[in-house]
Amino acid sequence: MRSKRHTLEVLGPLDLPLTFSCGQAFRWRPVAGDGAAGRDGGTGASGLWSGVVGGAEILASASGLPPVAIQVEIRGESPGAAALRRYFRLDENPREYLSGAGTPAAELAALPGFRDLLGMRLLRQEPWETLVSFICSAASNVRKIAGGVEGMAERWGEPIAGSARRSFPAPERLARAREQDLRALGIGFRAPYVLGAARRIARDGWDWDSLRVAPIEEARARLQDLPGVGPKIADCVLLFGVDRLDTYPVDRWIRRATLELTGRRRARDEELEAWSRRLGPGRGYLQQIIFHLRRTGGPLPPLPSERPARRKAS
DNA sequence: TCCTCTCCTTGCTT
DNA sequence: AAAGCAAGGAGAG
């Protein structure tokens, strides 16, 4: 099968390495530099990335100066250029999530380093793969999660024509796996959760589309009914898998960062989530940037509007 | 109902 | 080298 190529024009800033490595997706990896070079040590210095979307391997790279674009080469069943634009969320400009001067979102954007991260694109990923990925994320790290997800694809996924990679296996396929074989991939105590979720969905069916429009509390409750899915993972699935940017997943890093931003010493997760609503409808995207900012840039200063008023000396 | 504690795998870090 | 730690969840108390 001949591979197809597309040039996807980008609205707004774009940082492909950040987009693929920030912890939202787990099947993108740098392609070693081609030819005699090949000495980037897997750092992606060649600028070329390989990922799997549906039944296709996508080779992606960012083209140079404005107009910025993503060059893609597709192997396997092409999802089509329109679907890839959706996947990369190229129809939106991330700056829109900061609109509204004087709002907490705008204050966030003023923090040092924040603007440099606007090239992070929130991918519209496949819900089922997102669910499994984040079930595996419990008390883990990006590297281990990626190993587990890739291992499931290698073992139970469908081959992709013209590619060495495989699609992510459907729930019905994972439901037939043995727990022991899942554990062999290194996902440990999360194996029975993955298996349980796969079996439930394979047996009872699952309507992802209704999660896209359901009231957020109802959507969260439905996901949390699955084994291995609590509040944090439910929110991640909603955010990354069904395009619900009106979620604010609270993990230990976001908890710490949000406490700092609000200038509070302690708060329950629900209170942090309630505060996040002031960040507007794009708070899920902002969460992802805050996460990265907090992990790489140290403590965050309180936002001006949240800073407790200083008492005047009497 | 809500909070806190412990256990659960694995592998890398200190 | 033993202990700590990592994008949590489930179960007990």
Side-chain angles (χ1 to χ4, degrees), chain A residues 18-28 41-42 117 120-123 125 127 129-152 155 177-201 217 220-242 244-245 247-261 265-274 276 283-300:
Chain A
L18 180 60
T19 297
F20 293 146
S21 307
C22 69
Q24 62 171 323
F26 304 94
R27 293 205 69 191
W28 285 97
L117 303 180
M120 176 192 296
R121 293 282 162 162
L122 210 63
L123 302 173
Q125 303 182 68
E129 179 180 330
T130 305
L131 171 64
V132 174
S133 299
F134 280 91
I135 287 178
C136 292
S137 77
S140 188
N141 54 60
V142 173
R143 194 183 150 83
K144 277 184 67 173
I145 301 164
V149 172
E150 193 65 28
M152 291 179 217
R155 169 124 198 198
R178 292 184 305 176
E179 180 181 323
Q180 162 190 351
D181 293 328
L182 273 168
R183 282 181 181 268
L185 302 177
I187 65 174
F189 62 88
R190 308 156 192 94
Y193 296 156
V194 171
L195 204 49
R199 286 178 175 163
R200 172 100 56 94
I201 289 177
E217 290 309 325
R220 295 178 78 189
R222 280 177 48 194
L223 280 166
Q224 287 185 61
D225 194 42
L226 292 169
V229 182
K232 194 273 180 180
I233 291 176
D235 278 350
C236 283
V237 174
L238 289 171
L239 175 58
F240 301 121
V242 284
R244 295 297 293 257
L245 272 62
T247 59
Y248 191 80
V250 177
D251 62 22
R252 62 179 76 194
W253 288 94
I254 284 298
R255 150 165 286 283
R256 200 176 313 170
T258 309
L259 283 174
E260 289 163 3
L261 291 171
R265 286 193 59 79
R266 53 180 303 166
R268 293 178 306 167
D269 284 353
E270 296 78 41
E271 298 174 298
L272 298 179
E273 200 270 340
S276 77
R283 53 189 173 275
Y285 171 76
L286 299 177
Q287 183 267 8
Q288 192 62 16
I289 294 190
I290 293 170
F291 176 79
H292 196 270
L293 209 54
R294 182 59 182 79
R295 288 203 68 174
T296 60
L300 303 178

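No hydrogens, no waters, no symmetry mates; every other heavy atom, side chains included, goes into these values. Since this is a predicted model, take the numbers as computed values, not measurements. In what follows, chains carry the letters A, B, and so on, assigned in the order in which the sequence lines appear, proteins first and then strands, with residues in each chain numbered from 1.
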Any donor-acceptor N/O pair, A:Gln287 side chain to A:Pro249 backbone, under 3.5 Å: yes
Just to be sure I understand the rule, does A:Leu226 reach a base, reach only the sugar-phosphate, or reach nothing, if contact means heavy atoms closer than 4.0 Å? sugar-phosphate
Pick the P atom in B:dC7 and in C:dA3, then give their distance to the nearest Å. 14 Å
Can you list everything that forms a ring pair (Phe, Tyr, Trp, His ring centres under 6.0 Å) with A:Phe134? Sequence neighbours excluded, please. A:Phe26, A:Phe240
With 3.5 Å as the limit, what N/O pairs link the protein to nucleotides 3-7 of chain B?
none

Examine distances only and state if a side-chain atom of A:Arg155 and a backbone atom of A:Ala177 form a donor-acceptor pair shorter than 3.5 Å. no
Say you pick atom P in C:dG9 and the same atom in B:dG11; how far apart are they, in whole Å? 22 Å
Dot-bracket for DNA chain C, 5' to 3', Watson-Crick and G-U pairs with both distances under 3.5 Å, [ ] for crossing pairs, | for partner on another strand, reads .|||||.||||||
Return the value, rounded to whole Å, for the distance between atom CZ of A:Arg256 and atom P of C:dG8. 11 Å
Between C1' on C:dA6 and CZ on A:Phe291, what's the gap in Å once rounded to a whole number? 10 Å
Check if the side chain of A:Gln288 and the base of C:dA7 share a donor-acceptor pair of N or O atoms closer than 3.5 Å. yes
With sequence neighbours left out, the residues meeting side chain to side chain donor-acceptor pair (under 3.5 Å) with A:Arg183 are A:Glu179
Between A:Asp225 (CG) and C:dG9 (P), how many Å, whole number? 14 Å
What is the separation between atom NZ on A:Lys232 and atom P on C:dA10, rounded to the nearest whole Å? 14 Å
Of A:Gly228 and A:Phe134, the one whose nearest nucleotide on DNA chain C sits closer to the 5' end is A:Phe134
Atom pair distance, as rounded to whole Å: CZ in A:Arg252 and C1' in C:dG9: 13 Å
Distance check needed: B:dT9 C1' versus A:Ile145 CD1, whole Å only. 14 Å
Tell me whether A:Gln288 contacts the main-chain N or O of A:Cys22 through its side chain, where contact means a donor paired with an acceptor under 3.5 Å. yes
Partner residues of A:Arg222 under the side chain to side chain donor-acceptor pair (under 3.5 Å) criterion, sequence neighbours left out: A:Ser210
Same-atom distance (P) from B:dT6 to C:dG4, integer angstrom: 13 Å
With A:Ala267 via side-chain contact (heavy atoms from CB on, under 4.5 Å) - residues at least two apart: A:Leu259, A:Arg264, A:Glu271, A:Leu272
Measure the distance between the ring centre of A:Tyr193 and the centre of the six-membered base ring of C:dG9, then answer whether it is under 5.5 Å with planes under 30°. no
Measuring only the P atom in each nucleotide, how far is C:dC5 from B:dC5? A whole number of Å is fine. 15 Å
Could you give the CD1-to-C1' distance, from A:Ile135 to C:dG8, as a whole number of Å? 11 Å
Select base, sugar-phosphate, or nothing to describe what A:Gly23 touches, counting heavy atoms under 4.0 Å on all strands. base
According to side chain to side chain donor-acceptor pair (under 3.5 Å), who are the partners of A:Glu260, at least two apart in sequence or on a separate chain? A:Arg294
Heavy-atom pair of closest approach, residues A:Ile254 and A:Thr258: O-OG1, 2.6 Å
Applying a 4.0 Å non-hydrogen cut-off, can you work out what A:Cys136 is touching in the nucleic acid: base, sugar-phosphate, or nothing? nothing
With sugar-phosphate meaning primed atoms plus P, OP1 and OP2, does A:Pro231 contact a base, only sugar-phosphate, or nothing at under 4.0 Å between heavy atoms? sugar-phosphate
Touch check for A:Val229, heavy atoms < 4.0 angstrom, all strands: base, sugar-phosphate only, or nothing? sugar-phosphate
Can you give me the N/O atom pairs linking the protein to nucleotides 10-14 of chain B at distances under 3.5 Å, or say none if there are none?
from: B:dT10; atom 1: O2; to: A:Lys144; atom 2: NZ; distance (Å): 2.3

Go through the structure and list residues passing side-chain contact (heavy atoms from CB on, under 4.5 Å) with A:Asn141, not counting sequence neighbours. A:Arg143, A:Lys144
Does the A:Gln24 side chain pair with the main chain of A:Leu123, one donor and one acceptor, at a distance under 3.5 Å? yes
Distance from A:Cys236 atom SG to A:Leu223 atom CG, nearest 0.5 Å? 11.0 Å
For a quick check of understanding: with a heavy-atom distance under 4.0 Å over all strands, which category does A:Gln224 fall into, base, sugar-phosphate or nothing? nothing
Donor-acceptor contact present, side-chain A:Tyr248 to main-chain A:Leu286, <3.5 Å: no
In whole angstrom, what separates A:Gln125's CD from C:dA7's C1'? 13 Å
So, does A:Arg256 use its side chain to make a donor-acceptor pair with the main chain of A:Pro299 at under 3.5 Å? no
Between the protein and nucleotides 11-13 of chain C, list the N/O to N/O atom pairs that are separated by less than 3.5 angstrom.
none

Please enumerate all residues that pass side-chain contact (heavy atoms from CB on, under 4.5 Å) together with A:Arg178, with sequence neighbours excluded. A:Gln180, A:Asp181
Inter-nucleotide P distance (C:dA7, B:dT14), Å rounded: 14 Å
Could you work out, with side chain to side chain donor-acceptor pair (under 3.5 Å) as the rule, every residue matching A:Thr19, not counting sequence neighbours? none
